[in-house]
Asker: 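Submitted below is the structure of interest, expressed as structure tokens.
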Amino acid sequence: MATGVDQAVGMSLVVFSLMLFMYYSIWVIVLPFVDSDHILHKYFLPREYSVILPGIAAVILLLCIGAITAVVIWKNQKPKKVD
């Protein structure tokens, strides 16, 4: 059973992910239809970053997955028998 600290950390991760999803969705879906001089635009980065930042995050994620896979394969190699 999860302790109170584990539940708090899990809930904070869920809330953070939900807030990030809402921010990105508004940035990418809603903002293009709002006038460029509207006050809402000052809370968001320029539109170019809506492609660049997820691309960088994807590259970092793939590098981490590759590194973890390489470490697991390297540690599970059995020594070759010499006859």
Side-chain angles (χ1 to χ4, degrees):
M1 191 72 186
T3 64
V5 174
D6 292 338
Q7 289 178 350
V9 169
M11 184 57 72
S12 64
L13 287 173
V14 168
V15 168
F16 174 75
S17 298
L18 202 94
M19 289 175 56
L20 187 65
F21 176 75
M22 297 269 299
Y23 179 85
Y24 187 77
S25 297
I26 291 170
W27 186 22
V28 173
I29 297 171
V30 175
L31 223 54
F33 299 107
V34 177
D35 292 334
S36 60
D37 58 346
H38 195 273
I39 195 164
L40 188 62
H41 279 278
K42 77 174 191 175
Y43 297 109
F44 295 91
L45 292 171
R47 220 174 276 142
E48 297 85 30
Y49 291 107
S50 67
V51 176
I52 294 170
L53 293 178
I56 291 171
V59 169
I60 291 172
L61 177 68
L62 290 174
L63 286 173
C64 289
I65 290 171
I68 290 170
T69 304
V71 167
V72 168
I73 289 173
W74 182 58
K75 284 188 175 185
N76 286 336
Q77 282 182 341
K78 295 181 181 177
K80 294 180 181 178
K81 292 183 179 180
V82 179
D83 290 330

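What's counted below: heavy atoms across the whole structure, side chains too, no hydrogens, waters or symmetry copies.
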Asker: Mind checking ring pair (Phe, Tyr, Trp, His ring centres under 6.0 Å) for Y49 and listing every partner two or more places apart, or none if nothing turns up?
Answerer: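 Once residues adjacent in sequence are excluded, Y49 has no partner under the ring pair (Phe, Tyr, Trp, His ring centres under 6.0 Å) criterion.
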Asker: With the side chain counted from C-beta on, respond yes when M19 and M22 share a heavy-atom pair under 4.5 Å apart, and no when they do not.
Answerer: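 With C-beta onward as the side chain, the pair stays apart.
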Asker: Side chains of Q77 and W74, heavy atoms from C-beta outward: is any pair under 4.5 Å?
Answerer: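 Result yes, sub-4.5 Å side-chain heavy-atom pair found.
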Asker: If I take atom CD1 from residue I73 and atom CD1 from residue I68, how far apart are they, to the nearest 0.5 angstrom?
Answerer: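 Here the interatomic distance stands at 12.0 Å.
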Asker: Apply the hydrophobic cluster definition, ILVMFWY joined by side-chain contacts under 4.5 Å directly or through others, and give me every member besides I52.
Answerer: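 Same cluster as I52: I56, I60.
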Asker: Indicate yes or no for a side-chain donor-acceptor contact from H41 to the backbone of D35 under 3.5 Å, with no hydrogens or angles considered.
Answerer: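 Looks like yes, one N/O pair under 3.5 Å.
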Asker: Any side-chain hydrogen bond (donor to acceptor under 3.5 Å, both in side chains) pairs touching residues 8-34, not counting sequence neighbours?
Answerer: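 Not a single pair qualifies under side-chain hydrogen bond (donor to acceptor under 3.5 Å, both in side chains).
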Asker: Check side chain to side chain contact (heavy atoms under 4.5 Å, CB included) between D6 and all other residues, then give those that pass, not counting sequence neighbours.
Answerer: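 So D6 forms a side chain to side chain contact (heavy atoms under 4.5 Å, CB included) with A2, T3.
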Asker: Nearest 0.5 Å please: distance from the CG atom of L40 over to the CG atom of L31.
Answerer: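 Those atoms lie 5.5 Å apart.
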Asker: Does V30 share a hydrophobic cluster with L20, counting links as ILVMFWY side-chain heavy atoms below 4.5 Å and allowing steps through other members?
Answerer: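 In one cluster: no.
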Asker: For F33, what are the other residues in its hydrophobic cluster, where any two members join if their side-chain heavy atoms are less than 4.5 angstrom apart?
Answerer: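 Cluster partners of F33: none, it stands alone.
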Asker: Considering only Ile, Leu, Val, Met, Phe, Trp and Tyr, and joining two whenever side-chain heavy atoms are under 4.5 Å apart, list the other residues clustered with L61.
Answerer: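 L61 shares its hydrophobic cluster with I65.
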